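Computed from a predicted model, the values in this text were never measured in an experiment. Just so it is clear, the values below take in all heavy atoms, side chains as well, and ignore hydrogens, waters and symmetry mates.
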Amino acid sequence: MQIKDIILLLDATIFSGENLQDTFAQGAFASDLMSDVLALVKEQNILLTGLCNTQVLRTAEMLDMNCVILVRGKVPTEEFIKMAAEKNICLLATKETMFKSCGLLYSNGLHGGNINER
């Protein structure tokens, strides 16, 4: 699945990273706890979250994630959009809940991938 497929599937708005729409999704991880993202993400390049602060983008950058999807109708600030663009992160937003977004992605072939061993 490519990011452009995710945009259509979630009826998402793209705020930055238009050039990344042809990138393939290797896996997704969903959390509002960036500590969980840091501890558990291994190969996933898509992050779904309801948080809309710069820590999300810093976390995604540290883990080489190239797409952040804001759920529950969150609207990023101009600062957030600018930072995503500077870090070359595709920033999407959907009105869907995290649960429904994950379910739609999973049922259309995108899986969570492996997570680090505890």
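Side-chain atoms of Cys67 and Leu20, non-hydrogen and from C-beta on, never get closer than 4.5 Å to each other. Under the 4.5 Å side-chain criterion, counting only non-hydrogen atoms from C-beta, Val68 is in contact with Leu70. Two residues are said to be in side-chain contact when any heavy atoms from C-beta on lie closer than 4.5 Å; Asp5 and Asn108 fail this criterion. Met34 places a side-chain heavy atom less than 4.5 Å from the side chain of Thr49. Using a 4.5 Å cut-off on side-chain heavy atoms (C-beta onward), Ile7 and Gln21 make contact. At a threshold of 4.5 Å between non-hydrogen side-chain atoms, the residues Val56 and Leu47 count as touching.
Between Lys95 and Asp11, no side-chain nitrogen of the basic residue sits less than 4.0 Å from a carboxylate oxygen of the acidic one, so the salt-bridge criterion is not met.
Residues Val75 and Ile81 are members of separate hydrophobic clusters, defined by side-chain heavy-atom contacts under 4.5 angstrom among Ile, Leu, Val, Met, Phe, Trp and Tyr. Residues Val41 and Leu38 are members of one and the same hydrophobic cluster, defined by side-chain heavy-atom contacts under 4.5 angstrom among Ile, Leu, Val, Met, Phe, Trp and Tyr. Tyr106 and Leu110 end up in different hydrophobic clusters when Ile, Leu, Val, Met, Phe, Trp and Tyr side chains are linked at under 4.5 Å.
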Quiz prompt | Stepwise side-chain contact (heavy atoms from CB on, under 4.5 Å) check, Phe29 with Ser31 | solution = CA-CA 7 Å; Phe29 190 85; Ser31 182; 3.7 Å; yes
Quiz prompt | Trace of the side-chain contact (heavy atoms from CB on, under 4.5 Å) decision for Met1 with Leu105 | solution = CA-CA 9 Å; Met1 177 181 298; Leu105 294 174; 4.1 Å; yes
Exercise. Before giving the answer on side-chain contact (heavy atoms from CB on, under 4.5 Å), spell out for Arg72 and Met98 the whole-Å C-alpha distance, their side-chain angles and the decisive distance to 0.1 Å.
Key: CA-CA 7 Å; Arg72 300 190 298 266; Met98 189 181 304; 3.9 Å; yes
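Across all their heavy atoms, Glu79 and Thr54 have their closest contact at OE2-CG2, 4.1 Å. Here the closest heavy-atom approach between residue Ala30 and residue Cys102 is recorded as CB-SG, 3.5 Å. Across all their heavy atoms, Ala84 and Ser16 have their closest contact at CB-OG, 3.3 Å. Nearest approach of Gly109 to His111, heavy atoms of both residues: O-CD2, 3.3 Å.
For the side-chain contact (heavy atoms from CB on, under 4.5 Å) with Leu48, the lone residue among Asp32, Leu92, Val71, Ile6 that qualifies is Val71. Screening Asn45, Ile14, Ile46 for a side-chain contact (heavy atoms from CB on, under 4.5 Å) with Ile3, the sole residue that qualifies is Ile46.
Rounding to the nearest 0.5 Å gives a distance of 11.0 Å between CZ of Arg58 and CD1 of Ile89. The CZ atom of Phe24 lies 12.5 Å from the CG atom of Asn66; values are rounded to the nearest 0.5 Å. The distance from the CZ atom of Phe80 to the CG atom of Leu57 is 4.0 Å, given to the nearest 0.5 Å. Within the model, atoms CD of Gln26 and CG of Asp64 stand 9.5 Å from one another, a figure rounded to the nearest 0.5 Å. Rounded to the nearest 0.5 Å, atoms CG (Leu9) and OG (Ser107) are 7.0 Å apart. Rounding to the nearest 0.5 Å places CD of Glu96 at 11.5 Å from CD1 of Ile69.
Heavy-atom contacts from other residues, nucleotides or ligands closer than 6.0 Å to CG of Asn19 number more than 12.
Counting only distance, with no hydrogens or angles, the side chain of Thr94 and the backbone of Leu10 share a donor-acceptor pair below 3.5 Å. A donor-acceptor pair under 3.5 Å is absent between the side-chain atoms of Lys87 and the main chain of Glu61, judged by distance alone.
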